[in-house]
Structures are given as structure tokens and as C-alpha cells.
Amino acid sequence: MAGSQVLTQRAANRALLARQLLLERSPLPATGPERAAQVVQTIEHLVGLQAQAPFPPYYGLHSRLDGFRPDDLAALITDRSVVRIALMRGTIHLVSARDCLPLRRLIQPVIERGMRGAFGKQLAGVDPGELAAAGRSLVESEPMTFSQLGQALAARWPDHPPAALAQGVRTYVPLVQVPPRAVWGQAGQSLHTSAERWLGQRRPSREPAHPARAATRAELAQLVTRYLGAFGPATVRDVQAWSGLTGLKAVLEQLRPSLVTFRDEQGAELFDLPTAPRPGAGVPAPARLVAEFDNLVLSHAERSRVVSPEATRRLYTINGVIPGSVLVDGFVAGMWRLARTRDKAMLTIEMFAPVREREALTGEAERVLAFAAPGAAHDIRFAPLAGVRES
């Protein structure tokens with residue numbers, strides 16, 4: 001029977017790591033435009049990097065690209081080759097300028113659904129098109145924080161909370177965060193302008209009708225195909241969990257003739273691209289320190305291919321912060337954090353079980369410290385979580 005081949009958890013893990021460039025790092029050219037182009041291509045291959053915090057994307061790229069330096073991404077943010085914008089699951093992602101508006105248009109229903117759930121009642125009676133046009137005019141005149149934007153809009157809609165008005169604009173206008181926000185070595189508030197203004201693209205002659213125009217089946221098929229290339233093999237639920245979109249079963253059924261299928265160990269059907277890498281369960285997986293909020297651990301409904309149920313309870317905290325993850329043999333085995341002072345940088349690794357790969361993890365920690373704090377004194381510590389005894 002087609003699709004009856006079982007893909008084990010370890011085989012799915014190795015396929016995911018290969019596509020995430022975490023089995024073997026890709027080397028960057030030493031200099032030149034090819035270097036910047038490869039960084040952008042990596043971001044596009046990954047369909048963006050989750051970026052609600054300013055700097056995890058730097059560590060995400062560092063874990064995947066050999067020779068990556070902070071300036072490689074900082075320059076791309078400054079010259080507008082990449083941008084930060086609300087996309088998949090309604091969270092901020094770092095994506096290429098080329099992907100920014102096309103992805104936002106596909107994910108727009110997710111953004112609108114989230115706004116209705118959080119602020120819908122507070123915006124009752126406000127025309128979405130008028131709100132979008134007013135907000136766009138303000139942020140295109142001068143980038144603004146959400147607080148500034150809400151206060152400015154409250155002059156026209158005084159009976160509605162400023163925060164809700166600002167979030168309404170964020171929903172109906174594709175807003176990007178502008179530098180110096182997220183530029184390595186700098187600090188700055190989250191100032192927003194429209195993606196069209198920032199990227200020098202034509203702004204709409206009028207704000208679109210709401211709710212958003214439904215994406216075509218062909219557009220969704222391309223999105224699903226890109227997801228499989230970065231995160232497959234995957235179930236329908238996985239694709240929907242990553243994107244926040246619903247109703248994708250029909251899209252995968254349309255794609256079925258061009259895909260290969262498997263079953264996981266629980267019997268769920270996995271879809272995949274025929275030529276995508278599936279290196280096999282026996283391929284060694286090196287130790288890796290993965291960034292905070294990394295999509296590796298956030299992009300499947302069934303995450304056991306990389307995070308065990310036991311690790312899940314420790315990794316996903318109640319305050320919504322996803323810490324840096326320690327990968328051992330391809331699976332999350334602990335967490336790591338970096339603390340900086342003016343002249344010292346300390347990287348602490350907290351393991352969920354006794355440490356057996358201390359040498360490999362120390363090498364990865366030294367690599368991260370050399371990247372993040374090249375001029376500081378370095379300190380690496382292993383600090384097991386409460387109740388975990390080291391051997």
C-alpha cells in the first residue's frame with residue numbers, strides 16, 4: 001500500500017535536522033556579495049526565523065552556517081534585505097524582503113483571527129479600512145511605537161482603547177520593525193512602518209477589504225511545499241501548527257501525486273518531497289546549541305521527533321519564553337543561556353539528564369562564546385536542573 005513504509009522517530013529526526021542544516025553546517029563564502037546572498041537564501045530556505053526577541057536569529061544562523069558573523073545579519077537588516085514582521089502563528093519572524101509581503105498575504109487570515117480573539121470587542125464599530133488607512137498614514141510619515149500609534153489614533157476614535165487601535169493597524173497593515181531594533185550591538189524601541197514604505201514597493205491605492213482575500217490553492221500549495229522542504233516529513237496537523245492556517249488537508253491532497261508518503265510509529269500519515277534529504281536513523285547527529293525560540297522546536301504539532309515529552313515539560317515555560325536548546329544525538333537534552341558583563345561572558349548548560357557529551361558540548365559552547373563575545377573572558381559551566389545528578 002502506498003505510504004505504508006514506517007518512518008521511525010529517529011529517521012524523522014535526522015530528516016528534520018538535515019533540512020534545518022543542523023547535521024552539517026553550510027560553509028559561507030569568505031567575502032563578497034555571494035556571502036550575503038547565501039545568508040538570505042538560508043533564511044528563505046528556513047521560511048524565516050522566529051524573532052519576537054531581537055537577537056535569537058543571529059544564534060539561529062550561527063548554529064547552521066559555518067563562519068557566520070553578527071555583521072552578516074546586521075548589514076542585511078540595515079540595508080532592508082531582510083525584515084521583521086508578524087507572520088506564522090501571528091508571531092514576529094525575520095524573513096527576506098522578497099518573502100515579506102507574499103508570506104504576509106498568505107498568513108493574513110491567521111493575523112486577523114488572532115486580533116478578533118484578543119481585541120475584536122474593543123474595536124466594535126471601527127471600520128477596518130478606515131483604521132488601516134489612518135494607521136498607515138501615521139507610520140509612513142514617521143515610524144512609531146505601538147504606544148505612540150495608539151495614542152495618535154485615539155484622537156479620532158476616543159471611545160476605543162489605544163492599544164486595541166494600534167493592534168488593529170498591525171492586523172490590517174503589514175508593519176515591519178525598523179532599525180536599530182535587532183541590529184547587533186545596538187538597542188532600540190520597536191518602531192514600525194509599513195512594509196511597502198520600508199521596501200520601496202507600491203502601496204495599495206486603497207486598503208483592501210476585510211476579512212482578507214482567501215489565498216488561492218496554488219499559493220497555499222507553494223507554502224506547504226516550502227514547509228516540507230524545511231521541516232518535513234510532516235502531517236497535515238504539523239503544517240497547520242507551523243503556519244496557524246486551517247483547512248490545509250485539501251491542499252496536501254491536491255499535492256499528493258507529487259509527494260511521497262510514510263507512516264510514523266503511531267500510524268499518522270507523513271507527507272514529503274520526493275527529493276528532500278532523508279539520511280536515515282543511523283546517521284550521527286552532532287551536539288548543537290540551538291537558539292532561543294528556534295523554529296526547530298516550534299514547528300510541528302507532534303514534536304517528539306526532536307523534543308521528548310519529558311523535555312517538553314521543562315523546555316516550554318509558562319511565561320512563553322522558549323530557551324536555547326541543547327541537542328544531543330539529535331534530540332533536546334537540556335537548555336543553555338548566555339550572560340554578559342563588560343569583560344566576561346558566561347555560558348551555562350543545564351542538562352535534563354547526566355552529561356555524557358561534555359567535551360562536544362564544551363566545544364559548541366566555546367564556538368558560541370567566540371561568536372557572541374570575542375573580546376571577553378569566557379566561562380563555561382554545566383549546571384544540572386534540580387533533581388538531576390551528574391555522573
Side-chain angles (χ1 to χ4, degrees), residues 43 48-54 57 76-120 122-123 126-154 156-157 160-183 188-213 243-244 293:
I43 294 169
L49 294 133
Q50 189 150 325
Q52 64 262 52
L76 294 174
I77 293 173
T78 303
D79 72 13
R80 311 187 188 195
S81 296
V82 300
V83 295
R84 293 159 51 82
I85 184 172
L87 288 173
M88 284 71 73
R89 305 181 298 281
T91 57
I92 299 297
H93 278 67
L94 178 86
V95 295
S96 71
R98 184 165 43 232
D99 271 345
C100 175
L101 286 170
L103 282 177
R104 176 54 185 257
R105 185 160 54 82
L106 294 178
I107 301 297
Q108 184 64 22
V110 179
I111 309 296
E112 294 191 17
R113 186 173 68 241
M115 186 278 297
R116 288 193 298 271
F119 298 99
Q122 297 180 38
L123 292 176
V126 177
D127 180 83
E130 292 181 8
L131 178 61
R136 180 185 290 276
S137 178
L138 287 166
V139 298
E140 289 187 347
S141 296
E142 180 181 8
M144 307 178 85
T145 66
F146 283 142
S147 177
Q148 293 167 339
L149 177 59
Q151 291 299 325
L153 292 165
R156 180 168 174 178
W157 288 280
H160 299 274
L165 293 168
Q167 288 301 314
V169 175
R170 176 187 185 265
T171 297
Y172 300 124
V173 179
L175 298 181
V176 298
Q177 296 183 3
V178 304
R181 182 72 171 175
V183 174
Q189 292 180 298
S190 297
L191 298 173
H192 305 83
T193 190
S194 74
E196 294 91 348
R197 172 58 64 90
W198 187 248
L199 298 176
Q201 300 185 22
R202 186 177 66 181
R203 61 176 288 178
S205 57
R206 63 182 180 85
E207 296 302 328
H210 301 284
R213 172 186 73 80
S243 65
F293 300 105

Exercise. Can you name the closest pair of heavy atoms from Pro143 and Val178 and give their distance?
Worked result: CB-CG2, 4.0 Å

For this session: Would you give the length of the straight line joining atom CG of Leu94 to atom CD of Gln52, rounded to the nearest 0.5 angstrom?
Result: 12.0 Å

Problem set entry | Validation row: Ile111, Arg104 side chains within 4.5 angstrom (heavy atoms) | yes

Exercise. Any side-chain heavy atom of Ile85 sitting closer than 4.5 Å to one from Ile92?
Worked result: no

For this session: Would you please name every residue forming a side-chain contact (heavy atoms from CB on, under 4.5 Å) with Pro161, sequence neighbours left out?
Result: Gln122, Ala164

For this session: Under the ring pair (Phe, Tyr, Trp, His ring centres under 6.0 Å) rule, collect the residues that match up with His192, sequence neighbours excluded.
Result: Phe146

Problem set entry | Non-hydrogen atoms of Ala152 and Met144 that approach each other most closely | CB-CE, 4.2 Å

For this session: Indicate the atoms forming the closest heavy-atom contact of Leu199 with Ala97, along with that distance.
Result: CD2-CB, 3.7 Å

Seminar exercise, completed: The side chain to side chain donor-acceptor pair (under 3.5 Å) partners of Ser190 (sequence neighbours excluded) come to Arg181

Seminar exercise, completed: Residue set satisfying side-chain contact (heavy atoms from CB on, under 4.5 Å) with Val110, at least two apart, ordered chain then number -> Ile107, Arg113, Leu245

Exercise. Are the side chain of Arg84 and the backbone of Ala51 linked by a donor-acceptor contact shorter than 3.5 Å?
Worked result: yes

Exercise. What are the two closest non-hydrogen atoms of Leu165 and Trp157, and how far apart are they?
Worked result: CD1-O, 3.8 Å

Seminar exercise, completed: Residues passing the side-chain contact (heavy atoms from CB on, under 4.5 Å) test with Glu196, sequence neighbours excluded, are Leu101, Arg136, Pro174, Ser194, Arg203, Pro204

For this session: Name all residues meeting the side chain to side chain donor-acceptor pair (under 3.5 Å) criterion together with Asp79; count only those two or more places apart in sequence or in a different chain, and write none if there are none.
Result: Ser81

Problem set entry | Contacts of type salt bridge (Lys or Arg N to Asp or Glu O under 4.0 Å), residue Arg80, not counting sequence neighbours | none

For this session: With sequence neighbours excluded, tell me which residues meet salt bridge (Lys or Arg N to Asp or Glu O under 4.0 Å) with Glu130.
Result: Arg156

Exercise. For Ala154 and Pro162, which heavy atoms make the closest approach, and how far apart are they?
Worked result: CB-CG, 4.1 Å

Problem set entry | Residue list, side-chain contact (heavy atoms from CB on, under 4.5 Å) with Ala53, at least two apart or on another chain | Pro56, Phe293

For this session: Measure across Gly90 and Ala86 and return the closest heavy-atom pair with its distance rounded to 0.1 Å.
Result: O-CB, 4.2 Å

Problem set entry | Rounded distance (nearest 0.5 Å) linking atom CG of Leu123 with atom CE of Met115 | 6.0 Å

Problem set entry | CZ on Arg116 to OG1 on Thr171, rounded to 0.5 Å | 9.5 Å

Exercise. Got more than 12 heavy atoms from elsewhere within 6.0 Å of CD, Gln189?
Worked result: no

Problem set entry | Listed partners of Arg89 passing side chain to side chain donor-acceptor pair (under 3.5 Å), at least two apart | Gln50, Asn295

Seminar exercise, completed: One should read off an interatomic distance between Ser137 OG and Leu153 CG, to the nearest 0.5 angstrom, of 10.0 Å

Exercise. Sequence neighbours excluded, which residues qualify as side chain to side chain donor-acceptor pair (under 3.5 Å) partners of Arg170?
Worked result: none

Exercise. Among Leu49, Asp99, Ile77, Val95, which one satisfies side-chain contact (heavy atoms from CB on, under 4.5 Å) with Val82?
Worked result: Ile77

